[in-house]
*Asks:* 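What follows is a structure written as C-alpha cells; I'll ask about it next.
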2 protein chains.
Amino acid sequence: MASDETMSDGEQYFEGVEKLLEIWFSVSSDSKEKNPDLRKIPRSKLESLLKIVRCEIISFVKNDQIDAYVLSESSMFISKRRFILKTCGTTTPLLCLEPLLLIAEQFGFTEVENLFYSRKNYKRPDLQLPPHQHFDQEVELLDALFPDGAAYCLGALNRDCWYLYTLNPIPEPNRPRNLMASDGDQTLEILMTDLNPDIMSIFTKEECLNGKEATKKAGIDKIIPNMIIDDFLFEPCGYSMNGVSKNNSYETEDGCYMTIHITPEQDFSYVSFETNVPANHYQEIIGKVLDTFMPGKFTVTVFSNHDSSTREQVKDLLCLKQINNKWNRRDVQQIDFKNYDLIYAFYIKFPS
Amino acid sequence: MASDETMSDGEQYFEGVEKLLEIWFSVSSDSKEKNPDLRKIPRSKLESLLKIVRCEIISFVKNDQIDAYVLSESSMFISKRRFILKTCGTTTPLLCLEPLLLIAEQFGFTEVENLFYSRKNYKRPDLQLPPHQHFDQEVELLDALFPDGAAYCLGALNRDCWYLYTLNPIPEPNRPRNLMASDGDQTLEILMTDLNPDIMSIFTKEECLNGKEATKKAGIDKIIPNMIIDDFLFEPCGYSMNGVSKNNSYETEDGCYMTIHITPEQDFSYVSFETNVPANHYQEIIGKVLDTFMPGKFTVTVFSNHDSSTREQVKDLLCLKQINNKWNRRDVQQIDFKNYDLIYAFYIKFPS
C-alpha cells in the first residue's frame with residue numbers, strides 16, 4: 001500500500017510486508033490508577049510516536065472498544081489495554097517501543113502482560129532501515145527491553161518464513177496474577193504474495209475513484225459482515241482498510257477488528273489480511289480471503305489463547321493439506337506458548 | 001567427548017554439540033546395480049572421507065544390519081542404504097558431503113531419497129571452522145546441492161534452539177515412486193547441558209579405567225537392553241558409546257542403534273543420546289536417560305515417518321509439560337513434513 005518509492009537507480013519498489021507489533025498492557029497490584037485506558041493518550045502524543053516510526057495518520061474511525069487509524073503505511077488499533085501497530089514500507093516501529101512504554105506508564109499501565117512482534121521475510125531486506133534489516137537486529141533491541149523474550153522463525157529460513165518475538169516466561173507458580181481479567185483472544189493473519197494481476201488492478205486510481213469503490217468491486221465488504229469500514233485508495237495505487245465491528249456481539253472488552261493492506265504492483269504484489277474476530281470455522285474466512293485475492297503463495301498464522309472460544313476448532317487447520325482445490329500446503333508448524341497456541345502454515349498455488 | 005582443546009589464550013574448551021548428518025539413499029528406476037549396499041564401500045574410502053571431516057575411526061562393531069564406528073569425535077553408522085555421521089568438536093562434516101554422494105553413486109545409489117542435517121546451537125560458535133560457523137553458511141552449502149532443501153530453526157533463536165535442514169519437496173502426484181520400499185523409521189534424540197558434576201566425574205580416567213567400567217557405573221547398559229555395546233573412555237576424560245541390537249527383533253532392514261557421547265567438563269558439560277529403536281512409550285526411555293545424567297537443560301526431538309509404528313504414540317510427548325517432577329517444559333513445537341512428523345521440546349530443571 002501507499003505509493004511506491006523510487007530507488008536511486010530509478011527502479012520502483014515498495015515493501016508491502018508489514019512489521020506487526022501487538023502489546024497487551026496491565027497494571028501492577030499496587031497501582032493507583034483504577035481505570036487506565038490507552039485511548040486517553042492524546043492525539044499529539046500518538047503523532048509524535050508515529051513520527052519516530054516514519055508514518056502518519058490519514059484516517060480514523062472508532063466504536064465503543066477500538067480507535068482505528070489508517071496510516072500512510074498501514075494501520076494502528078488502540079483499545080483499553082491493547083495496542084496494535086502494523087506498518088509496511090521502510091518504517092521503523094521498534095524505535096517507538098521505548099517511548100510507547102513510557103507513555104503507557106504515564107497513563108497507568110505499568111506492566112507489559114504480553115507482546116507479539118512479527119513479520120514475514122522481506123522481499124528486499126537490503127532496503128530496510130536499522131533495526132529492521134535483519135531479524136537478529138530486531139531481537140537484540142527487544143532483548144534489551146524484555147528479559148523473558150523469545151524469538152522464533154516459522155517456515156523455511158531459506159524460503160518463505162515468518163518471524164515472531166514474544167514473551168515466554170518460565171511458569172512461576174507463586175507469582176501473583178495481575179489485576180486484569182484474561183480475555184479470550186485469537187488472531188488470524190493471511191500474508192499473500194504473487195497475486196492475480198486482474199484483481200490487483202482494482203486497487204489503482206486508474207480503475208477506481210476511491211477506497212469505497214475498490215472495497216465494493218473486490219468484494220472486501222463481504223469477507224466479514226457488520227463492520228464499520230474505513231478504506232483508502234492511494235495515488236497512483238495501493239489500498240488500506242480498517243474494519244471495527246458495528247455491534248460488539250463478541251463481547252470482548254478490547255473489541256474486534258479486521259484490516260487489509262494491498263500493494264498491487266505486479267513485480268512485488270502483496271496483500272495482508274488480519275482479524276481477531278472469533279470464528280467457528282476459520283476455513284470459511286480463509287477461503288473467502290483467498291478467492292477474493294487469488295494469491296500464488298501465502299502464509300496463514302492463527303494465535304489463540306487458552307480462553308479463546310476458537311482454541312479447539314483452529315486445530316482443524318492442521319489437517320488442511322489443500323484449500324479450495326487450488327493451494328497445496330508446503331509447510332505446517334505448531335508452537336504452544338504459555339498462554340497462546342500458534343499454528344503456522346504456508347501454501348503454494350497448484351501447479352506452482 | 002574426546003579430550004579438550006587448548007585455545008591460544010590457554011583456555012580449555014571442547015564443543016560437545018554434534019553436527020548430525022543422516023542420508024537415506026535410493027536407486028533410480030533405470031539403475032543397473034541390483035543390490036546396492038553402502039557397507040561395500042572400502043574402509044580406505046571411509047577414512048579419506050573422515051580426513052576431510054577432521055576425525056578418524058577408533059573402534060568398530062557390527063551386526064547383520066549396521067556397521068557402527070566410534071570416531072575420535074563421535075560416531076558413524078552405515079547400513080544398506082542409510083548413512084549417519086555425527087561429529088562434535090570443530091569437525092567439518094558438510095565438507096565431505098559432495099565426495100560422499102559421488103562414492104555412493106559409484107556403489108549404485110544414484111538418488112538421495114532423504115537427508116537430515118541437524119545440530120543444537122553451539123556454546124562457542126566463534127571457535128567453529130567454515131562452513132559451520134553459522135547456520136546460514138551451512139544452508140548455503142546444502143542449498144547448492146539440494147533444490148528441494150528447506151532450513152528450519154526450532155526453539156528460541158535467542159536462547160537454546162535446534163537447527164534442521166531436510167528435503168521438503170512439493171508433492172508431485174505423477175512422480176514415479178522409487179524402487180526401495182519405505183521402512184518404518186523414527187529417531188529420538190536428547191541433547192543435554194549443565195549436567196550433574198558427580199555423574200560427569202564417572203567419565204574421566206581418574207574415576208574409571210575404561211569405557212566398559214564407565215558404562216556399567218553410570219548404568220548406560222540399562223537404558224536400552226539387548227545391545228552390543230562398543231564404548232570408549234578418552235584420556236583424560238570424555239566418553240563415547242555405540243550400541244547395535246543383538247537380534248534384529250524390530251525387523252527393519254537398516255537396523256537399530258543407540259549412541260551416547262559425553263563431554264564431562266563442568267564449564268561446558270554436554271551429553272547426547274540418540275536411538276532409532278521404536279518404542280511404545282518414549283517417555284520411559286527419556287525418563288531413564290534423564291535420571292542417568294541429570295541435566296540442567298535439554299532438548300528432545302522425535303522424528304517419525306508415516307510407516308513408523310510409534311507415529312501416533314509420540315504425540316503423547318506434546319502433553320508432557322513436566323518430566324519426572326524435575327524438569328519443566330519451556331518450548332514445544334511440531335512440524336509435519338511430507339514423510340516425517342517432528343516434535344521438538346526444550347526443558348529446564350526446576351527451580352532453574
*Asks:* I'd like a table of donor-acceptor pairs (distance under 3.5 Å, sequence neighbours excluded) in which one partner is a side-chain atom from residues 91-98 of chain A, with atom names and distances.
*Replies:*
{"unit_1": "A:T91", "atom_1": "OG1", "unit_2": "A:T87", "atom_2": "OG1", "d": "2.8"}
{"unit_1": "A:T91", "atom_1": "OG1", "unit_2": "A:C88", "atom_2": "O", "d": "2.7"}
{"unit_1": "A:T92", "atom_1": "OG1", "unit_2": "A:I52", "atom_2": "O", "d": "2.9"}

*Asks:* Ignoring hydrogens and geometry, is there a side-chain-to-backbone donor-acceptor pair from A:E274 to A:I190 under 3.5 Å?
*Replies:*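 Absent.
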*Asks:* Checking A:N168 against chain B: side chain, backbone, both or neither under 4.5 Å from a heavy atom?
*Replies:* both
*Asks:* Specify which of A:D331, A:L154, A:D136 makes the most heavy-atom pairs with chain B at under 4.5 Å.
*Replies:*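 Among A:D331, A:L154, A:D136, the one with the most close pairs to chain B is A:D331.
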*Asks:* At what distance, to the nearest 0.5 angstrom, does OG of A:S269 lie from CE of A:M192?
*Replies:* 10.5 Å
*Asks:* Output yes when a side-chain donor or acceptor of A:T187 lies under 3.5 Å from a complementary backbone atom of A:F303, and no otherwise.
*Replies:*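 No; zero donor-acceptor contacts below 3.5 Å.
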*Asks:* Is it the side chain or the backbone of A:Y344 that comes within 4.5 Å of chain B heavy atoms, both, or neither?
*Replies:* neither
*Asks:* Who passes salt bridge (charged side-chain N to carboxylate O under 4.0 Å, His left out) against B:D267, sequence neighbours left out?
*Replies:*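 Counting only residues at least two positions away or on another chain, B:D267 forms no salt bridge (charged side-chain N to carboxylate O under 4.0 Å, His left out).
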*Asks:* Who among A:A151, A:C153, A:G149, A:C161 has the most heavy-atom pairs with chain B under 4.5 Å?
*Replies:* A:A151
*Asks:* Counting only non-hydrogen atoms closer than 4.5 Å, does A:V139 touch chain B with its backbone (N, CA, C, O), its side chain (CB onward), both, or neither?
*Replies:*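 Looking at A:V139, just its side chain touches chain B.
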*Asks:* Between A:D143, A:N158, A:V332, who has the most heavy-atom pairs with chain B when the cutoff is under 4.5 Å?
*Replies:*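 That would be A:N158.
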